[in-house]
Amino acid sequence: MFRVYAGKDNMPAEYSEENVPYKPARSLNISLKGVKEGDYAMIMGYPGRTQRYQTAAQLNDMIAINRIRIDARTVRQDLMWEAMCADPSVQLKYADKYASSANGWKKWQGEELAFKNLNIIGREEAKEAQLKSWIEADPARKEKYGDPVADIAAQVESDAAAMHALTTLTESIYRIELVGLAAEIATLYTRAIRSGKDSLAAFADAKAQLKEEYRDYVPDLDRKEAVALMEFYRQRALPQNYLEGLGAEYAQLNIPAFVDNLFDNSVLTSFESLDKAPSLEALAEDPAVKLYESIYDVLIKHYMARYSSQGTDNQGSKHFAGALLEWQKGKAMYPDANSTMRLTYGTVLPYSPKDALKYEYFTTAKGLLEKEDPTNPEFILPAGIKSLLLAGDYGRWADKDGSLHTCFLTNNDITGGNSGSPVLDAKGNLIGLAFDGNWESMSSDVMFEPDLQRCICVDIRYVLWLVEKYGKADNIIAELTYAK
């Protein structure tokens with residue numbers, strides 16, 4: 001929900017106290033009936049990307065790359081978590097940064113586990129063996145497609161060194177925030193120059209835009225992360241990929257001393273010191289800028305190595321896709337998601353991930369109280385919400401069983417990018433919002449299992465209870481339309 005203001009004619013207008021809430025031509029009606037097991041549900045949104053048509057070689061490489069990401073992010077997140085738990089001000093500044101990093105980190109771990117438990121790669125290998133037999137059974141098909149699985153495997157092997165090097169670099173020392181600030185000041189400056197500003201004006205503009213970044217920056221924490229990430233890179237990168245300017249001596253580098261020099265002598269550690277710099281040229285010898293330039297040089301080298309062979313890679317993938325389509329002609333094969341609008345349909349269902357364990361298809365406000373943990377930033381229940389829950393005043397938002405339902409499960413096929421997508425009933429009424437997948441669904445970007453994988457949806461009645469009872473936004477509640 002967004003409160004958007006417009007002029008009295010319902011058209012875009014400059015700010016004015018006389019502006020009124022915009023009235024859309026259409027909006028979703030909201031159902032307060034709730035859901036029950038077996039109900040139809042559809043989700044309309046913009047899913048990011050899936051990889052349903054990768055070969056076993058590609059999947060093996062994906063898991064290997066994800067393991068690098070998991071390990072590197074664990075190093076950084078452990079330090080962030082420690083600082084967040086020790087200082088509420090750091091928790092406030094780094095909550096979004098931590099959540100952003102942890103989102104992929106959790107998914108990749110779940111994906112790795114699901115690959116193992118569901119034998120994803122073994123099943124893909126079996127399918128590829130059948131495809132190979134089908135191709136080789138007809139000389140015309142053999143001439144047309146060749147051996148696309150082997151071609152892709154060869155390309156994966158050829159690209160592996162560059163891809164793994166890129167991942168190791170971008171997930172470790174490129175994540176040092178001081179390095180990111182150096183990259184951003186250069187990017188903002190270049191953008192301002194291209195817009196027609198002179199050098200001094202462009203630098204002033206770049207600094208002004210960067211000011212907001214410093215509000216949520218803690219140099220002492222970044223210093224600790226820099227030591228840990230540089231050590232991670234030294235342990236995991238090949239010596240030939242060490243940075244220019246550090247070179248062979250990186251193997252014996254005193255990393256804590258190097259980082260102390262970096263942070264003690266860079267003007268980028270605070271906005272106040274950066275603001276005193278008269279020009280971008282004055283930053284040329286700044287140690288953070290020089291470190292960024294060294295990292296950038298290595299990045300470009302590996303990007304060029306990887307993408308110079310992309311044409312060969314695409315040819316193998318083209319033949320693989322063509323062979324699959326002909327082999328499975330008549331079978332439903334929808335294309336991978338690509339951030340365009342999609343509608344997925346499914347059913348409200350519980351699930352059982354293992355013997356004697358069953359998850360119901362809905363949760364209630366009781367679970368919020370049971371899971372509360374004041375020592376864990378991810379499970380702190382705001383005092384205002386807690387008091388409302390304890391009072392049990394659910395009003396018209398309560399389910400017919402008297403409880404306040406918070407979430408429900410469906411077997412809709414979603415992925416990253418679907419978060420916030422409307423969940424609709426069979427009549428097109430809004431019943432919830434999609435926001436996550438269960439742990440067992442983390443491999444669904446590669447292979448979807450409708451009996452096991454679930455979309456987690458927040459019940460729209462819980463959202464509206466928060467808006468009315470906690471947010472005191474009765475005016476918004478009154479403007480909504482409800483299904484009869």
Side-chain angles (χ1 to χ4, degrees), residues 46-67 108 111-112 114-116 118-167 302-345 413-417 441-453:
Y46 293 84
R49 292 193 175 275
T50 54
Q51 303 87 36
R52 299 275 171 84
Y53 305 103
Q54 289 196 103
T55 66
Q58 290 171 312
L59 295 177
N60 271 313
D61 193 59
M62 183 182 78
I63 290 297
I65 287 174
N66 286 349
R67 175 41 61 182
W108 297 321
E111 195 169 55
E112 191 176 67
F115 265 52
K116 177 182 177 182
L118 300 175
N119 190 28
I120 297 292
I121 291 176
R123 290 159 64 187
E124 176 60 29
E125 288 173 336
K127 184 183 79 173
E128 290 170 11
Q130 294 174 18
L131 176 64
K132 182 179 177 67
S133 296
W134 175 82
I135 291 174
E136 294 183 344
D138 185 332
R141 289 198 294 259
K142 180 67 175 175
E143 174 69 22
K144 183 177 181 180
Y145 299 118
D147 191 346
V149 173
D151 292 342
I152 292 173
Q155 192 62 49
V156 168
E157 184 177 1
S158 174
D159 294 341
M163 288 300 295
H164 289 218
L166 272 171
T167 305
H302 292 303
Y303 270 123
M304 293 301 292
R306 166 64 184 91
Y307 292 105
S308 63
S309 61
Q310 199 168 33
T312 307
D313 191 9
N314 289 340
Q315 187 69 14
S317 296
K318 180 180 178 180
H319 287 162
F320 181 62
L324 279 177
L325 287 169
E326 186 178 345
W327 178 44
Q328 299 184 336
K329 188 175 181 179
K331 181 179 178 181
M333 292 178 65
Y334 54 90
D336 275 320
N338 62 357
S339 298
T340 55
M341 181 181 282
R342 284 198 171 189
L343 189 147
T344 170
Y345 61 91
D413 186 0
I414 68 163
T415 189
S441 74
M442 295 299 102
S443 62
S444 62
D445 283 359
V446 170
M447 195 176 290
F448 187 71
E449 302 279 353
D451 293 333
L452 185 63
Q453 293 163 351

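Sequence positions, counted from 1, serve as the residue numbers for this chain. Not measured: the values here are computed from a predicted model.
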task: First locate atom CD1 of I152, then atom OG of S317, and finally report the distance between them rounded to the nearest 0.5 Å.
output: 4.0 Å
query: Under the salt bridge (Lys or Arg N to Asp or Glu O under 4.0 Å) rule, what pairs show up with a residue in residues 57-67, not counting sequence neighbours?
result: R67-D71, R67-E112
query: Mind checking what makes salt bridge (charged side-chain N to carboxylate O under 4.0 Å, His left out) contact with E449, not counting sequence neighbours?
result: R123
message: Please enumerate all residues that pass side chain to side chain donor-acceptor pair (under 3.5 Å) together with D336, with sequence neighbours excluded.
response: T50
task: Check the side chains of T415 and D445 for a donor-acceptor pair under 3.5 angstrom, ignoring hydrogens and angles.
output: yes
task: Under the side chain to side chain donor-acceptor pair (under 3.5 Å) rule, collect the residues that match up with N338, sequence neighbours excluded.
output: T340
- request: In sequence, state the C-alpha distance, the side-chain angles, and the governing distance for M333 and L324, and then conclude on side chain to side chain contact (heavy atoms under 4.5 Å, CB included).
  value: CA-CA 10 Å; M333 292 178 65; L324 279 177; 4.2 Å; yes
query: Where is the tightest heavy-atom contact between I135 and A323, given as atom of each residue plus distance?
result: CD1-CB, 4.0 Å
- prompt: Nearest heavy-atom pair of F320 and Q54: which atoms, and what distance?
  reply: CE2-C, 4.4 Å
message: So, using side chain to side chain donor-acceptor pair (under 3.5 Å) as the criterion, who are the partners of R49 when residues are at least two apart?
response: none
- prompt: Which heavy atom in Q58 sits nearest to a heavy atom in Y53, and how many Å separate them?
  reply: OE1-O, 4.4 Å
message: I need the minimum non-hydrogen distance between S443 and Q453, along with the two atoms involved.
response: OG-NE2, 3.4 Å
query: Between Y145 and H319, how do the two ring planes meet: parallel, tilted or perpendicular, split at 30° and 60°?
result: perpendicular
- request: Would you please name every residue forming a salt bridge (charged side-chain N to carboxylate O under 4.0 Å, His left out) with E128, sequence neighbours left out?
  value: none
message: Would you say that E326 contacts W134 through its side chain, given a criterion of any heavy-atom pair below 4.5 Å between the two side chains?
response: yes
Sequence-distant partners of D151, salt bridge (charged side-chain N to carboxylate O under 4.0 Å, His left out), two or more places apart: none
Side chain T167, main chain M163, donor-acceptor under 3.5 Å: yes
Audit row: N60, V156, side chain to side chain contact (heavy atoms under 4.5 Å, CB included) steps and yes/no: CA-CA 10 Å; N60 271 313; V156 168; over 6 Å; no
- request: Name all residues meeting the salt bridge (charged side-chain N to carboxylate O under 4.0 Å, His left out) criterion together with E157; count only those two or more places apart in sequence or in a different chain, and write none if there are none.
  value: none
field: Value rounded to 0.5 Å, distance of OG1 in T344 from OH in Y334
entry: 6.5 Å
- request: Apply side chain to side chain donor-acceptor pair (under 3.5 Å) to K132 and list each qualifying residue two or more places apart in sequence or on a separate chain.
  value: E136, D147
- line: Closest non-hydrogen atoms of L166 and H302, given as atom of the first, atom of the second and distance, are CG-CB, 3.5 Å
query: Are E124 and K127 within salt-bridge range, i.e. N to O under 4.0 Å?
result: yes
message: Counting only heavy atoms from other residues, nucleotides and ligands, does the tally under 6.0 Å from NZ of K142 exceed 12?
response: yes
- request: With side chain to side chain contact (heavy atoms under 4.5 Å, CB included) as the test, would you mind laying out the steps for R52 and F448 before giving the verdict?
  value: CA-CA 8 Å; R52 299 275 171 84; F448 187 71; 3.9 Å; yes
- line: Of all heavy-atom pairs linking A56 and E125, the shortest is CB-CG, 3.5 Å
